[in-house]
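Shown next, in structure tokens, is the structure this report addresses.
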Amino acid sequence: MYAVDSFESKKISIIIPAYNVERYIRKCIESVTNQTHKNLEILVVDDGSKDNTGKILDELQLTDERIHVIHKENGGVSSARNVGLDAATGEYVTFLDADDYLAEDFVEYMLSLVKRTGADFCISRHFITKEGENQPLQQTIETFTNAQGTALLLSPDMIVGCHNKMYRRELIERNGLRFSTELFYGEGLFFITTASQLAQCIAVGNRKVYFYRKNNQDSATTKFSIENLRNGWKSLNCIEKSMRLQDRQIDVMLLLHKCNFSIGAVTRIGAAGVKLKYIEEYKYWLHYVRENTIKLIFEKNIRIYRKMLLICGCLSPALLTRLDVLRRDRIAKRSVKG
């Protein structure tokens with residue numbers, strides 16, 4: 001395990017927004033109560049669930065005094081996380097999606113990153129996304145500047161979202177950092193890139209301690225919604241407009257992220273069979289990729305694989321759509337279960 005010494009006494013707030021997750025919530029909460037680090041504040045925000053989620057949470061709350069359930073009217077995931085932040089009293093804060101779950105040493109590992117680097121924002125690069133995954137052969141801990149960390153979070157090497165990270169709560173409160181309630185798709189990326197820019201330094205590890213489920217058909221990242229795509233694009237534009245740091249690598253990774261998002265939007269529209277219905281959006285995002293790919297082709301920090309995807313998206317979006325459907329089916333079948 002990890003030598004955390006006095007860090008064993010630190011209180012960690014784990015915020016879990018929950019909406020209609022009766023199939024997953026018990027495993028999620030169980031993974032938190034079984035953490036090797038015991039000083040936890042488990043804040044579960046029931047965002048107006050219409051199934052048995054609220055009832056299950058009330059039952060679980062009676063089994064462990066660290067579990068605090070907050071029931072509220074439905075207001076979206078950003079609103080739910082903000083309610084959790086308002087209630088949090090821990091020195092550090094982390095977020096967990098209710099259909100995911102944690103390795104038993106998640107908190108202990110994250111605190112070890114904080115202790116070894118002094119960072120007020122820490123990240124693990126990797127998730128467990130499929131059954132039977134192994135840990136990296138060599139575990140690493142790196143210290144990034146805020147610019148390096150922001151570029152990493154925008155890069156395709158990271159799964160988008162506020163989870164698999166830990167934040168010093170003082171950093172959040174000092175800067176009045178909250179989730180934008182106008183954003184419901186890409187809201188996590190906006191939050192984490194804002195936090196990374198405000199941080200003095202960022203600790204980056206690579207141990208897999210977060211189980212990220214990719215077979216939840218009710219998830220916003222799984223089912224097709226043109227409103228999600230529109231709002232995701234709005235999130236990226238908000239990130240661009242509110243960028244605090246001037247750094248070339250951030251600019252490159254943000255442009256790559258927007259191109260990848262555009263390709264994803266084109267393929268999702270095509271796969272859903274609604275190209276004619278949303279032809280204006282389809283044309284807009286396809287044009288964006290074709291207009292900006294040339295700017296990224298000669299960038300040394302972008303892998304050949306990513307460049308080939310951009311070129312394929314420009315030349316044959318229909319082919320990329322077919323390949324993406326096969327990819328998503330394969331990911332869903334191999335996703336972590338339970």
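All values below come from the heavy atoms of this structure, side chains included, with hydrogens, waters and symmetry mates left out.
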How far does [atom1] of [X] sit from [atom2] of [Y], to the nearest 0.5 angstrom?
X	Y	atom1	atom2	result
D47	I16	CG	CD1	14.0 Å
I12	I15	CD1	CD1	11.5 Å
E30	T33	CD	OG1	6.0 Å
L57	C28	CG	SG	9.0 Å
K10	L40	NZ	CG	14.5 Å
L256	S155	CG	OG	8.0 Å

Keeping [X] on the side-chain end and [Y] on the backbone end, is there a donor-acceptor pair under 3.5 Å?
X	Y	answer
Q135	K208	yes
D100	Y212	no
N52	E22	no
Q249	A151	no
T181	S79	no
Q148	T145	yes
Q35	A103	yes
T94	K165	yes
S235	Y185	yes
N34	E104	no

Does [X] belong to the same Ile/Leu/Val/Met/Phe/Trp/Tyr cluster as [Y], with side-chain heavy atoms less than 4.5 Å apart forming each link?
X	Y	answer
V83	V44	no
I14	V45	no
Y284	V289	yes
I294	M253	no
Y278	L286	yes

Are side-chain heavy atoms of [X] and [Y] found at a separation under 4.5 Å?
X	Y	answer
S124	Y210	no
N164	I123	no
T129	I159	yes
F184	S78	no
V107	T36	no
R244	L198	yes
F261	L229	yes
Y282	V274	no

Pair F95 + Y167: ring centers closer than 6.0 Å: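 Yes, ring centres under 6.0 Å apart.
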salt_bridge([X], [Y]) N-O dist < 4.0 Å:
X	Y	answer
R230	E227	yes
E299	R248	yes
R303	D157	yes
R178	E173	yes

Please report the shortest heavy-atom distance between [X] and [Y], naming the atom on each side.
X	Y	answer
I25	A98	CD1-CB, 3.8 Å
A119	A203	CB-N, 3.5 Å
F191	L177	CE1-CG, 3.5 Å
L245	Q197	N-OE1, 3.2 Å
G149	I202	CA-CD1, 3.7 Å
V21	T53	N-OG1, 2.8 Å

Do N206 and H126 have a side chain donor and acceptor closer than 3.5 Å?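 Checked: N206/H126 side chains show no N/O donor-acceptor pair below 3.5 Å.
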Please tell me whether N292 and K295 have a donor and an acceptor in their side chains that are separated by less than 3.5 angstrom.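 There is such a pair (donor and acceptor under 3.5 Å, judged by atom type) between the side chains of N292 and K295.
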Within a 6.0 Å radius of atom [atom1] on [X], are there more than 12 heavy atoms belonging to other residues, nucleotides or ligands?
X	atom1	result
K277	NZ	no
E170	CD	yes
K275	NZ	no
E133	CD	yes
K38	NZ	yes

Begin with the C-alpha distance, continue with both residues' side-chain angles, and end with the deciding distance and a verdict on side chain to side chain contact (heavy atoms under 4.5 Å, CB included) for T150 and D247. CA-CA 10 Å; T150 303; D247 181 88; over 6 Å; no
Could you check D97 against R213 for side chain to side chain contact (heavy atoms under 4.5 Å, CB included), going step by step and ending with a plain yes or no? CA-CA 9 Å; D97 283 355; R213 193 187 301 274; over 6 Å; no
Sort out for me which residue in F211, F106, F127, Y101 forms a ring pair (Phe, Tyr, Trp, His ring centres under 6.0 Å) with H163.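 So the option named by the test is F127.
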Go through it in stages, so that I can follow the logic: the residues are K283 and I279, the test is side chain to side chain contact (heavy atoms under 4.5 Å, CB included), and I'd like the CA-CA distance, side-chain angles, deciding distance and then a yes or no. CA-CA 6 Å; K283 288 181 177 178; I279 191 63; 3.7 Å; yes
Quick test of your reading: applying salt bridge (charged side-chain N to carboxylate O under 4.0 Å, His left out), list the pairs with at least one residue in residues 59-70, sequence neighbours left out, ordered by first then second residue.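 The answer is R26-E59, D64-R66.
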Identify whether NZ of Lys or CZ of Arg in K258 sits under 6.0 Å from the centre of the six-membered ring of W233 and within 45° of that ring's axis.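 Judged by the rule, K258 and W233 form a cation-pi pair.
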Intermediate values then yes/no, side chain to side chain contact (heavy atoms under 4.5 Å, CB included), I269 and F224: CA-CA 8 Å; I269 290 172; F224 174 80; 4.0 Å; yes
Members sharing Y19's hydrophobic cluster (side chains within less than 4.5 Å):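 Other cluster members: none.
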Among residues at least two apart in sequence or on other chains, which ones pass side-chain contact (heavy atoms from CB on, under 4.5 Å) with V77?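 Residues passing side-chain contact (heavy atoms from CB on, under 4.5 Å) with V77: P17, R81, E187.
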Member of R207, K115, M166 meeting the side-chain contact (heavy atoms from CB on, under 4.5 Å) criterion with M110: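 In the set R207, K115, M166, the residue that makes a side-chain contact (heavy atoms from CB on, under 4.5 Å) with M110 is M166.
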